[in-house]
Amino acid sequence: MPKALDVLKSLSSKSDEHEFYTRLPKGYVLGKTKYLIITGSVISGVGKGTFSSCIGNILKMCHGLKVSPVKFDGYLNFDAGTLNPYRHGEVFVLDDGTECDLDLGTYERMLNQNLCRDNYITAGRIFKTIIDKERAGKYLGRDVQFIPHVTGEIKGFLRELAAREQSDIVLVEVGGTVGDIENSYFLEAMRELAYEEGPGNVCFVSVVYILEPGSLGEQKSKAAQLGLKALMGMGIQPSIVICRAGSPVREKIREKISIYSNVPLERVVGSLDVDNIHKLPLFLKEKGIDVAVMDILGLKDRGNHPNVFSEWKGLIDKINSKRREVTIGITGKYTTVHDSYMSILKALEHTAPYLGADVKVKWIETTKVNADNVRDAMSGLDGVIVPGGFGSRGTDGKIECVRYARENDMPYLGLCYGFQMAVLEFARNVCGLKDADSTEIDPGTKEPCICILPEQEEIDGLGGSMRLGGYDMTIKPGTLAHKLYGKSRARERFRHRYNVNTKYLETLEKHGLVFSGMAPQKKIMQILELPGNCFHMGTQFHPEFTSRPLKPSPLFRGFIEACLKGRKG
Ligand code: GLN
């Protein structure tokens, strides 16, 4: 048994000695939980999150293992709340209100499970924890260092999660690429973890990209080799290498990678880009990744689980069958970066196959849309979505799109800001309140139909201060929302600062707008619908965050159904 294990075990009960070893959390049994650590080389965005969530999917759905994913982000931000989606992709919101990287959305969808703040860690949060401890005098006069304090904090974070969740396996995705300054200490922590946990308890999976420069016309493995060399130079031996490439990975390339990285050829896996992410777990299963991981970590199939993987395969069958195309317009500010709307795109993608539909998305840049050209902007669409957003840019164009949809009975789904836009459109064009506006857009508006939430009035800072996370809502019987949810209570996720001004409720309702979802205790409107139209709905929450491949959001379902029905031909 390595000496580290002896010391660690004794540490958990006594002694301040051995400061370079990290104390184990209460209830933690060394070797009980296994760790799968995913790193990436050659390019950023190589798909670590996708691969790790797909591996988790097979381990959970096929083998009944309890999987806990963790994403490490090297940013000094405390969380993703203040990140601009245009630069970093969508800010995903967990039920507990954590604002995080979009990969957490991928994990929730692929694993079909809710995550919380313990599944996401940023460099900023690690350092804040350490500085707070230092200020509180917790380090007893010691100089605080990367090793053991920062690395210790990281190992502690993972072990706390393992102990609390009693996980069979913790999947750790290390953000960034190997060699970045931002993740070097994190990788060091993972090396230490592997040593302390002992052989057979930690498995490193390295995702590399195989280049194929057009001018050369052949695959080149050098960049991948250098990435692996950098990883091994940090004392980390990968057990599995996933080679991602634009065309099938050649045998010669896999052999080269195998020789350079001490990884047996059968564990150097070539992965092609699949046309639909939901097919990836099946592809990886065919390659035997699950068997390799379980062999390396000595994990046994639980055998006591419902076979959810057959449900997953059922979804793939639906994806592969013939489907009717529907074209959905999505308006918004971040139209050039599709990652900004990841969850909406995924919700459409995984809901459509259940209805025999295949969704094509058309992006609408609303800064250029006005009453004269809105018809052109909306031509060829079967439905339109106005997604979440902040600030005034492009809002008049969005409101024009809502008006067009309402007047032409085109299915409309407004998500958060899109809900607020629908209220403003209705107030202006149906209730005759020409100046209706949101105080977010015009703080001095004469008709503040959308105003700041009362609980938000006193808040100054921007980080983590919105109305965030999961809240219950009551749904009015007899409404479309009630029909779609099939119940009078539901829970959805929010991320907003503004809401419908209750002073205008009577006017809006008198003219026919129905607020079919409401917060149970407070007067916060959460769903709107227009009974005369086939589907004109807005939600103050984000149903895209809770829509899952195995359990699509009823609202997305209703919306796509309406788009299909309205389709001519
Ligand atoms: N900007 C709006 C608000 O703060 C909507 C937010 C959103 O779309 N997520 O209420």
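Atoms within a ligand are numbered from 1 in the order they appear, just like the ligands themselves.
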Exercise. Does the N or O separation between H496 and ligand 1 drop below 3.5 Å for any pair?
Worked result: no

For this session: Using distance alone, decide if ligand 1 has a nitrogen or oxygen within less than 3.5 Å of any nitrogen or oxygen in Q540.
Result: no

Exercise. Mind checking whether Y75 and H88 have ring centres under 6.0 Å apart?
Worked result: yes

Residue, atom name and distance, where the atom is the protein heavy atom closest to [atom]:
| atom | result |
| --- | --- |
| atom 7 (C) of ligand 1 | C416 SG, 3.0 Å |
| atom 3 (C) of ligand 1 | R497 N, 3.4 Å |
| atom 5 (C) of ligand 1 | G389 O, 3.4 Å |
| atom 1 (N) of ligand 1 | E440 OE1, 2.7 Å |

For this session: Describe, in one word, how the ring planes of Y185 and F127 are oriented to each other, choosing from parallel (under 30°), tilted (30 to 60°) and perpendicular (over 60°).
Result: tilted

For this session: Could you establish whether H542 and ligand 1 come within less than 4.0 Å of each other, counting only heavy atoms on the residue side?
Result: yes

Problem set entry | Residue pair N183 / G175: nearest heavy atoms and the distance that separates them | ND2-O, 2.8 Å

Problem set entry | Heavy-atom pair with the smallest gap, counting every atom of G512 and L530 | O-CD1, 3.7 Å

Do [X] and [Y] have side-chain N/O donor and acceptor atoms under 3.5 Å apart?
| X | Y | value |
| --- | --- | --- |
| D376 | S379 | no |
| S465 | R497 | yes |
| R548 | N114 | yes |

Exercise. How does M466 reach ligand 1, by side chain, by backbone, by both or by neither, if only non-hydrogen atoms under 4.0 Å count?
Worked result: neither

Exercise. Per the side chain to side chain contact (heavy atoms under 4.5 Å, CB included) rule, which among K476, Q540, M473 passes with I527?
Worked result: M473

At a 4.0 Å threshold, what atoms of ligand 1 neighbour a non-hydrogen atom of [X]?
| X | value |
| --- | --- |
| G388 | 8 (O) |
| R495 | 6 (C), 7 (C), 9 (N) |
| Y498 | 3 (C), 4 (O), 10 (O) |

